[in-house]
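To start, the structure itself, in structure tokens.
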Amino acid sequence: MDEERAEHRLERERRTKLDALRQRGVEPYPWTFPGRVPAEEVASPLRTLPPGTEPGGPERSVAGRITSIREHGRTAFLDLEDFSGRIQLLARAEAMDGPGFDELLALLDLGDLVGATGTPLVSRRGEPSIRVRTVVLLAKAIHPPPEKYHGLQDPEARLRQRYVDLLASPEARARFRARSLLVREVRAFFDGAGFYEVETPILVPVASGAAAQPFTTHSNYLDSDLQLRIALELGLKRLLVGGFERVYELGHIFRNEDLDTTHSPEFTMVEAYWAYADYTDMRHLMEELYHRLALRIAEWLPGVPAAGQAPELFEPPFATVDFVDELERRSGLHDVLAMPREELFRRARAAGATVPEDSSTGTFLDKLFDHYVLPHLARPTFVMDHPSVTTPLAKRHRSRPGRVERFELFARGYELANAYTELNDPEEQELRFREQLSQRGEEGYAFDADFVAAMRYGMPPATGVGVGIDRALMALTGTASIKDTILFLPTRSKDGGGAAGEPRGPVA
RNA sequence: GGGCCCGUAGCUCAGCCCGGUAGAGCAGGCGGCUCUUAACCGCAAGGUCAGGGGUUCGAAUCCCCUCGGGCCCGCCA
């Protein structure tokens, strides 16, 4: 490949070292390294000791990547990083077994993975260290790592080669570790609340449950086109019909739209459905969920200021505002529900939204809300009881005409949850789907006839919620771009011809 | 889809306005150094200036096109 030519010089030098190792009978890619412990497990107790302390005790073994080498004559200091942290290796020429000091320094490069064994100590300058007796190569890095101080800065390279971003950046590792823990915590939360996790299909005959452009593919077996799901909602509600009373799913959904700071074509959603409960019950569940996540995030990312502020920010109870009242208060408009479509259109345009004239009144109201209210919702706030025109899957409000029982939770400018008391009247559901179909443009929900058929068998009264995992992570950690919360994102081919000339994420 | 900006050594960046033929640091090579941590000191090396075309005696630099990326707006949760 092209890249190899550009790197010829540096790679050739590393390959030469690889050959030298093999000639000496050293296996540069051994099978395992038994007995290693995380670097932090060795370093942590040393931090309480004064500089220059050698507590003695048994030898310890660590394994990880060499990220810095500071040679100092007959002494050398090497930094070893693993997933737990970092520890310094102190190598002295006369104290080493096996291949020895000179060979180690001659054949080792930054980026190599090694195992090291020796006794713990605190260096005279106070650095937790291991006085190494042996260092064994665990994997030779042929490709040099990025610059040791600045790391990988090129945003394009960080997306295309996330593995390099991760190996060069402890901060990136910490952020994605936090994501893993967040997902684990979300599952634990719903599991603990008696919800069953299920998996519904990604490939569906008709993608509905939201207003978005689907991806389309084709099944040879079925001899028909299929779509990738754009929401989890309708599959999970079928399970309510089937008798599941508390279900959730955490998985990827796909929307054929642009990739930008807050949107990704493939993202992660958790949706939960709870029979014999309503949106007030769900509101309390969401307060509990986000409070718990905020506490955990602060533990997982101790150095990140926005994460540290999360616990106090997400202290229940959250603020509650009425969709219409708040819109009217912020905009100075009056009686928006009674406004004719044309006036709503004018107001939306005046507010800077470039909406098509034939959009629904619900779209105009959403635009006005986004413009006048959304920027003010920094603290967690439930926005309640949306106009029914905006929401085809929610149940009409039990006492307020023209409204549905719905809330959206916003914080730091992001929507963090969207919940309804679910519509379970099949006749009304069919009607709402048909209204959507009659709406022009691409804003309508697709008609899922089988879903209506399912509802005719009787769907229990229920509440449901959707939480975007990526955006939840953004809001909880203060991350500015969704690209920093998703490990592997789709990127364009650089040669424009679709040939796999450049490394790009995990390709099979 | 519209606007603005970026792409120079493996990596991080200067150089571009105002055209004269490529610069630093890190990494790598060689030599020195027994507590360093962006270690340090010395020497030598390292380039398809994203790609293509144009203007010019001469283009990394000015103009056009293409590719890739970033930010803002639009669309979209």
Side-chain angles (χ1 to χ4, degrees), chain A residues 2-14 16-17 51-52 67-79 86-95 101 106 109-111 121-129 131 141-161 164 168 209-213 230-231 253 255-265 267 269 352-356 359 363 366-367 370 374 408 410 414-418 441-443 466-468 470-471 480-483 489 491-497 501-502 504:
Chain A
D2 298 332
E3 187 185 343
E4 211 162 47
R5 274 183 44 180
E7 288 221 42
H8 217 266
R9 178 172 51 93
L10 293 169
E11 285 200 8
R12 196 192 320 116
E13 283 161 4
R14 286 176 178 239
T16 303
K17 294 177 183 178
T67 57
S68 176
I69 302 174
R70 298 176 293 281
E71 289 184 57
H72 203 284
R74 302 304 290 163
T75 302
F77 301 91
L78 298 84
D79 288 343
R86 177 171 66 93
I87 194 162
Q88 175 173 264
L89 307 180
L90 194 168
R92 302 188 75 156
E94 66 276 10
F101 183 82
D109 287 298
L110 290 185
L121 77 155
V122 184
S123 76
R124 278 178 224 160
R125 297 295 178 93
E127 185 75 21
S129 307
R131 186 184 294 283
I142 296 303
H143 212 303
E147 213 253 7
K148 66 180 174 184
Y149 186 63
H150 299 94
L152 192 65
Q153 295 296 323
D154 179 359
E156 180 179 352
R158 295 206 300 128
L159 291 190
R160 286 183 190 272
Q161 295 178 274
V164 181
Q213 286 294 300
I230 57 173
I253 64 178
R255 299 185 179 180
N256 207 339
E257 312 280 357
D258 285 356
L259 174 62
D260 64 29
T261 324
T262 53
H263 300 83
S264 171
F267 62 103
M269 179 79 96
T354 57
V355 275
S359 300
T363 300
D366 278 339
K367 290 293 169 197
D370 289 351
L374 197 70
E408 287 180 288
F410 291 94
Y414 300 122
E415 186 201 80
L416 297 184
N418 180 25
E442 292 156 352
E443 66 188 44
V467 171
D470 320 274
R471 289 192 179 176
S481 172
I482 203 169
K483 296 171 194 175
L489 287 159
T491 51
R492 288 188 175 83
S493 171
K494 280 193 127 172
D495 50 25
E502 287 286 321
R504 270 192 302 275

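Side-chain atoms are counted along with the backbone in the values below, which use heavy atoms only and exclude waters and symmetry mates. Every chain is numbered from 1 and lettered A, B, ... according to where its sequence line falls, protein lines coming before strand lines. Note that the structure is a prediction, hence the values are computed from the model and not measured.
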Nucleotide [N], atom [atom2] - distance to [atom1] of [X] in whole Å:
X: D260(A); N: rC71(B); atom1: CG; atom2: C1'; value: 11 Å
X: R70(A); N: rC26(B); atom1: CZ; atom2: P; value: 15 Å
X: R86(A); N: rA38(B); atom1: CZ; atom2: C1'; value: 11 Å
X: L259(A); N: rG74(B); atom1: CG; atom2: C1'; value: 16 Å
X: L489(A); N: rG68(B); atom1: CG; atom2: P; value: 16 Å
X: F267(A); N: rC76(B); atom1: CZ; atom2: C1'; value: 9 Å
X: L374(A); N: rC76(B); atom1: CG; atom2: C1'; value: 14 Å
X: Q161(A); N: rG68(B); atom1: CD; atom2: P; value: 17 Å

Taking [M] as the reference, what is the distance to [N] when you measure between their [atom1] atoms (whole Å, please)?
N: rA22(B); M: rG46(B); atom1: P; answer: 13 Å
N: rC62(B); M: rG23(B); atom1: C1'; answer: 22 Å
N: rU61(B); M: rU21(B); atom1: C1'; answer: 11 Å
N: rC18(B); M: rC5(B); atom1: P; answer: 15 Å
N: rC26(B); M: rA45(B); atom1: C1'; answer: 15 Å
N: rC43(B); M: rA38(B); atom1: C1'; answer: 22 Å
N: rG70(B); M: rU37(B); atom1: P; answer: 37 Å
N: rA59(B); M: rG20(B); atom1: C1'; answer: 10 Å

Given side chains that start at C-beta, do those of [X] and [Y] come closer than 4.5 Å, heavy atoms only?
X: M269(A); Y: R471(A); result: no
X: P265(A); Y: L259(A); result: yes
X: L78(A); Y: I69(A); result: yes
X: P145(A); Y: T67(A); result: no
X: L90(A); Y: F77(A); result: yes
X: V164(A); Y: P146(A); result: yes
X: E415(A); Y: L374(A); result: no

Got a list of protein N/O to nucleotides 11-13 of chain B N/O distances below 3.5 Å?
residue, atom, partner, partner atom, Å
rC11(B), O2', E147(A), N, 2.8
rC11(B), O2', G151(A), O, 3.3
rU12(B), OP1, Q153(A), N, 2.9
rU12(B), OP1, D154(A), N, 3.0

Is the distance from OP1 or OP2 of [N] to the nearest side-chain N or O of [X] less than 4.0 Å?
X: K367(A); N: rG74(B); answer: no
X: R160(A); N: rG68(B); answer: no
X: T75(A); N: rC33(B); answer: no
X: H72(A); N: rC35(B); answer: yes

Nucleotide paired to [N] in any strand shown, Watson-Crick or G-U, under 3.5 Å:
N: rG7(B); answer: rC67(B)
N: rA14(B); answer: none
N: rG1(B); answer: rC73(B)
N: rC43(B); answer: rG29(B)

Just checking [X]: base, sugar-phosphate only, or nothing, at a heavy-atom cut-off of under 4.0 Å?
X: Y414(A); answer: nothing
X: T261(A); answer: sugar-phosphate
X: S68(A); answer: sugar-phosphate

With the side chain of [X] defined as its heavy atoms from C-beta on, choose the nearest nucleotide among [options].
X: K483(A); options: rG70(B), rU37(B), rG10(B); result: rG70(B)
X: R124(A); options: rU37(B), rA38(B), rC35(B); result: rC35(B)
X: H263(A); options: rG69(B), rC35(B), rC76(B); result: rC76(B)
X: F77(A); options: rA38(B), rC35(B), rG74(B); result: rC35(B)
X: R492(A); options: rG68(B), rU37(B), rG1(B); result: rG68(B)

Distances for protein N or O near nucleotides 41-46 of chain B N or O, under 3.5 Å:
residue, atom, partner, partner atom, Å
rG46(B), O2', R9(A), NE, 2.7
rG46(B), O2', R9(A), NH2, 2.6

Who passes salt bridge (Lys or Arg N to Asp or Glu O under 4.0 Å) against E408(A), sequence neighbours left out?
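Counting only residues at least two positions away or on another chain, E408(A) forms a salt bridge (Lys or Arg N to Asp or Glu O under 4.0 Å) with R406(A).
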
Results of salt bridge (Lys or Arg N to Asp or Glu O under 4.0 Å) for R131(A) - residues two or more places apart only
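In terms of salt bridge (Lys or Arg N to Asp or Glu O under 4.0 Å), with neighbours along the sequence ignored, R131(A) is linked to E54(A).
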
Using 0.5 Å steps for rounding, measure from the [atom1] atom of [X] to the [atom2] atom of [Y].
X: Q213(A); Y: D258(A); atom1: CD; atom2: CG; result: 11.5 Å
X: D470(A); Y: Y414(A); atom1: CG; atom2: OH; result: 11.5 Å
X: E127(A); Y: L89(A); atom1: CD; atom2: CG; result: 10.5 Å

Please check: side-chain N/O of R160(A) versus main-chain N/O of R492(A), any donor-acceptor pairing under 3.5 Å?
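Here the side-chain-to-backbone pair exists.
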
S481(A): partners by side-chain contact (heavy atoms from CB on, under 4.5 Å), with sequence neighbours left out:
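Checked S481(A) against side-chain contact (heavy atoms from CB on, under 4.5 Å); matches are T261(A), K483(A), D484(A).
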
E415(A) or R131(A): which one's nearest nucleotide on RNA chain B is closer to the 5' end?
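The 5'-side residue here is R131(A).
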
Return the 5'-most residue of the pair P155(A), E127(A) with respect to RNA chain B, ranking by each residue's nearest nucleotide.
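Nearest-nucleotide comparison on RNA chain B picks E127(A).
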
Check nucleotides 29-32 of chain B against the protein and report each pair of N or O atoms closer than 3.5 Å, with its distance, or say if there are none.
residue, atom, partner, partner atom, Å
rG29(B), OP1, K17(A), NZ, 2.6

Distance-only polar pair, side chains of H150(A) and Q153(A), donor-acceptor under 3.5 Å:
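Q153(A) and H150(A) do not have a side-chain donor-acceptor pair below 3.5 Å.
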
